[in-house]
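Below: one structure, written as structure tokens.
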Amino acid sequence: EPEVTQTPSHQVTQMGQEVILRCVPISNHLYFYWYRQILGQKVEFLVSFYNNEISEKSEIFDDQFSVERPDGSNFTLKIRSTKLEDSAMYFCASSNPGTGDSPLHFGNGTRLTVT
Amino acid sequence: DAKTTQPPSMDCAEGRAANLPCNHSTISGNEYVYWYRQIHSQGPQYIIHGLKNNETNEMASLIITEDRKSSTLILPHATLRDTAVYYCIVRVMEYGNKLVFGAGTILRVKS
């Protein structure tokens, strides 16, 4: 069964550094998402992306964050200058355009640790 | 999207059916009910979804009441590997719409 893959599984970075989290969505999917989950808290929506544009973003997704689909297969989340509070699991998801009820399929996440 | 209410935790004996309830009394006609689960900080895993009819797949069954104000996810023969957080989510039928996660129900399957 096709799946969403995310790399790296764990990223450690120093405060103030830039990080790029990478995702390969399921190949025929056209809607892409990033979520995050701080340890012990809920899974939170960050951003959705379609047709090379941001469709929707949450209040968390401020100017420090950006997303890109640099080629036909990857979808990336960049954090420009990381803060301690950015430490979390980051999940990528994708869904296909079939019908309006198509479910999201999630990767297993990247654990970001900011020191 | 309509809000959902789930019990914070439930226990189930291994091999028995696990019945996880969800209330969504403010659901609208164009909103689907989705169930996901998350096993120990892995990515949320899609289980099943439905609009008004009962649904069944290889993982579970979804029973939606006639008035659509509540639903039950049924895992017919729970195993220890089904121990997870289960999320009931109501989502407007709209292309590319996001999911909004709540706290979910922690299901503990015990031997």
Side-chain angles (χ1 to χ4, degrees), chain A residues 1-6 9-10 21 23 25-26 29-58 60-61 87-112, chain B residues 1-6 8-9 24 27-53 55-60 62 64 68 71 73 84-106:
Chain A
E1 186 176 320
E3 57 183 29
V4 175
T5 56
Q6 293 186 242
S9 57
H10 191 185
L21 309 182
C23 169
I26 295 172
H29 287 189
L30 297 181
Y31 296 96
F32 312 115
Y33 313 79
W34 284 101
Y35 284 75
R36 79 171 187 191
Q37 186 175 33
I38 294 170
L39 187 64
Q41 297 187 22
K42 295 178 187 178
V43 178
E44 300 174 290
F45 169 76
L46 292 178
V47 65
S48 57
F49 189 87
Y50 171 71
N51 199 25
N52 281 322
E53 287 185 348
I54 290 175
S55 309
E56 186 177 356
K57 60 182 180 179
S58 70
I60 304 167
F61 194 88
S87 295
M89 285 290 293
Y90 288 81
F91 297 110
C92 173
S94 66
S95 69
N96 76 26
T99 58
D101 64 324
S102 295
L104 277 65
H105 294 272
F106 288 80
N108 273 329
T110 293
R111 180 176 299 283
L112 177 65
Chain B
D1 298 328
K3 289 198 169 185
T4 62
T5 304
Q6 298 179 253
S9 65
H24 30 79
I27 194 169
S28 301
N30 64 344
E31 290 181 313
Y32 278 73
V33 180
Y34 290 78
W35 283 84
Y36 280 75
R37 72 181 182 183
Q38 189 176 25
I39 298 172
H40 196 248
S41 294
Q42 294 178 17
Q45 179 187 20
Y46 167 73
I47 301 173
I48 200 166
H49 75 285
L51 182 63
K52 53 185 177 181
N53 296 322
E55 302 286 344
T56 295
N57 63 20
E58 65 278 3
M59 288 182 70
L62 173 60
I64 302 174
R68 302 187 66 239
S71 61
L73 178 75
V85 181
Y86 287 77
Y87 300 100
C88 169
I89 301 168
V90 169
R91 178 191 184 213
V92 172
M93 180 177 171
E94 185 178 300
Y95 288 100
N97 198 13
K98 64 184 184 293
L99 292 166
V100 177
F101 288 82
T105 296
I106 299 171

Applying a heavy-atom distance below 4.5 Å, give me the residues of residues 44-53 of chain B that approach chain A, sorted by number.
B:P44, B:Y46, B:H49
What residues, two or more places apart in sequence or in another chain, satisfy side chain to side chain donor-acceptor pair (under 3.5 Å) together with A:N96?
A:S102
Return the CG to CG distance between B:N97 and A:L104, rounded to the nearest 0.5 Å.
9.0 Å
Any side-chain to backbone donor/acceptor pair from A:Y35 onto B:L99? Under 3.5 Å, distance only.
yes
Applying side chain to side chain donor-acceptor pair (under 3.5 Å), name anything that partners A:E44, two or more places apart in sequence or on another chain.
A:R36
With chain B, which of A:D101, A:N108, A:L39 has the greatest number of heavy-atom pairs at distances under 4.5 Å?
A:D101
Can you name the closest pair of heavy atoms from B:K98 and A:Y33 and give their distance?
CA-CE2, 4.2 Å
Would you find more than 12 non-hydrogen atoms of other residues, nucleotides or ligands less than 6.0 Å from A:H10 atom NE2?
yes
Toward chain B, the part of A:F32 with a non-hydrogen atom under 4.5 Å
neither
Using the six-membered ring wherever Trp is involved, compare the ring planes of B:Y95 and A:Y31 and label them parallel, tilted or perpendicular (cut-offs 30° and 60°).
parallel
Neighbourhood of chain B inside residues 49-58 of chain A, taking heavy atoms under 4.5 Å as contact:
A:E56
Taking side chain as everything from C-beta outward and backbone as N, CA, C, O, which of these in B:Q42 sits under 4.5 Å from a heavy atom of chain A? Side chain, backbone, both or neither.
both
